[in-house]
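All chains are named by letter (A, B, ...) in the order of the sequence lines, taking the proteins before the strands, and each is independently numbered beginning at 1.
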Protein chains: 2
Amino acid sequence: MTLSTPTPVRKIEIREANEARILEAAEKVFALNGYKGAATGDIAREAGLPKANVHYYFKTKSDLYREVLTHVLNDWMSAASTFEALDDPAEALRTYVSAKMEFSRKRPYGSRVWAREIMSGAPVLDNFLSTTLKTWLKQRTRIIRRWIREGKIKAVDPHALLYMIWATTQHYADFEQQIIILNGGKALSDRSYRQKTEQVVELILGSVGLNGS
Amino acid sequence: MTLSTPTPVRKIEIREANEARILEAAEKVFALNGYKGAATGDIAREAGLPKANVHYYFKTKSDLYREVLTHVLNDWMSAASTFEALDDPAEALRTYVSAKMEFSRKRPYGSRVWAREIMSGAPVLDNFLSTTLKTWLKQRTRIIRRWIREGKIKAVDPHALLYMIWATTQHYADFEQQIIILNGGKALSDRSYRQKTEQVVELILGSVGLNGS
DNA sequence: GTCTATACGTTGATAGAC
DNA sequence: GTCTATCAACGTATAGAC
């Protein structure tokens with residue numbers, strides 16, 4: 001029996017499945033070693049494919065890296081969009097911090113790829129940061145200022161507050177290994193993580209003068 | 001005139017000066033590219049020396065990396081030691097947070113080397129984390145619990161509080177580039193940085209129910 | 001679409017003249 | 001103590017058979 005021509009549908013399925021596997025593997029390897037430190041061979045091994053296939057689907061390492069960053073970015077922004085201009089700042093902050101903590105739990109590698117990209121000087125994310133993220137920050141800053149004006153929260157520096165939220169929530173992804181070691185070598189259970197999330201929410205709310213649920 | 005034999009003192013001076021230059025260069029290159037991504041040739045160029053000299057003074061890249069980490073560690077612990085068991089938690093937290101912010105300002109590269117090491121799974125720092133740092137954490141946890149028992153601060157999870165302090169203060173070093181871009185491309189002046197430090201202190205104090213200076 | 005073989009640049013480390 | 005020359009190992013990317 002000779003090879004029959006595969007249907008276009010089947011081809012597309014294969015492509016999508018392989019691209020997804022490679023992207024997932026790449027996110028992990030870039031997270032652990034950074035862009036320069038990541039070898040396409042490592043990514044291929046992690047994905048369970050020959051090295052040549054990685055280059056077949058993504059051409060260059062740089063292209064693959066940009067794709068990974070784009071995916072992380074989309075999910076990061078998706079969590080960011082939960083910060084809304086609600087009347088109740090406690091509710092808004094609680095929702096946002098929880099979404100960021102969930103992102104850290106579900107995409108720890110993605111968070112680290114982001115962190116490493118920034119620590120390398122943000123060569124690829126530079127444009128995103130100075131446009132999309134800057135606009136986002138300006139809008140949320142306005143919301144926070146309004147809450148302060150209306151006497152709903154303490155007078156705090158909005159940037160300092162948002163940086164604290166980002167830093168604290170992302171710490172649970174980026175420094176996961178340190179947290180595990182300090183926890184006696186055991187990873188946080190889903191239950192413990194939910195409690196930590198609640199604690200982080202309470203600390204953030206307290207920092208702007210909003211007390212206990 | 002032939003070369004006279006240099007005095008041992010002179011030789012030691014040269015060695016110390018060169019080692020210092022290489023260590024400083026290495027801290028920067030490891031911070032920007034991570035361990036695997038850092039090339040000894042880049043470190044040599046940054047230090048203004050031929051590549052062979054780097055290996056003459058430090059033998060292997062791994063040895064050099066460990067030296068850099070040790071230096072960062074010492075300075076990190078030096079800041080950590082400012083967290084004392086004072087009667088006044090506001091004073092203790094203010095001093096500690098300020099010291100950590102100062103560390104981020106003065107040693108941004110060192111902070112990033114630490115971060116990257118943890119994100120790579122802490123292969124070298126593992127031992128330090130599970131001994132020295134764990135002990136430190138246990139002691140400070142006890143102090144915080146005592147403050148809570150004495151009704152001096154709100155009942156918060158001590159680990160969550162300390163992680164928030166670490167994350168927030170280190171964010172100003174590790175994500176410096178992001179902060180600069182969001183600040184319109186301008187680095188924070190010494191004055192702005194002092195104000196941010198004060199804001200961070202206020203946010204942290206607020207998070208445990210301690211209000212205003 | 002898959003994968004072995006390979007071209008070719010880069011990197012860690014050393015040898016050996018000065 | 002300094003530095004050029006060198007090399008083996010590794011890394012990205014591609015060619016070309018299947």
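Among the heavy atoms of the strands, none lies under 4.0 Å from Phe58(A).
Residues passing the side-chain contact (heavy atoms from CB on, under 4.5 Å) test with Leu86(B) are Glu84(B), Glu91(B), Ala92(B), sequence neighbours excluded.
Electrostatic pairing of Arg94(A) and Glu198(A) counts as a salt bridge here, judged by a charged N lying under 4.0 Å from a carboxylate O. Using a 4.0 Å cut-off between a side-chain N of Lys or Arg and a carboxylate O of Asp or Glu, Arg66(A) and Asp63(A) do not qualify as a salt bridge.
The aromatic rings of Tyr65(B) and Tyr35(B) lie tilted to each other, with the angle between the two planes from 30° to 60°. By the 30° and 60° cut-offs, the orientation of the rings of Tyr96(B) relative to Trp136(B) is tilted.
Rounded to whole Å, atom P of dT12(D) lies 5 Å from atom NZ of Lys61(A).
Between Lys59(A) and dT12(D) there is no side-chain N or O to OP1 or OP2 distance below 4.0 Å. Of the side-chain N and O atoms in His55(A), none sit less than 4.0 angstrom from OP1 or OP2 of dT14(D).
Summarising the geometry of Arg140(A) relative to Ala80(A), their closest heavy-atom pair is NH1-O, 4.1 Å, with the distance given to 0.1 Å.
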- Item | Worked verdict on Phe83(A) versus Lys100(A) for side chain to side chain contact (heavy atoms under 4.5 Å, CB included) | CA-CA 10 Å; Phe83(A) 190 140; Lys100(A) 289 282 295 169; over 6 Å; no

- Check step by step if side chain to side chain contact (heavy atoms under 4.5 Å, CB included) holds for Tyr163(B) and Val200(A). CA-CA 10 Å; Tyr163(B) 292 166; Val200(A) 172; over 6 Å; no

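For Tyr56(A), the side-chain atoms get nearest to dT2(C) when compared with the rest of dT14(C), dT2(C), dA13(D).
Contact check of residues 15-40 of chain A against DNA chain D (heavy atom, cut-off under 4.0 Å) returns Ala38(A), Ala39(A), Thr40(A). Contacts between residues 41-54 of chain B and DNA chain D, defined by a heavy-atom separation under 4.0 Å, are made by Pro50(B), Ala52(B), Asn53(B).
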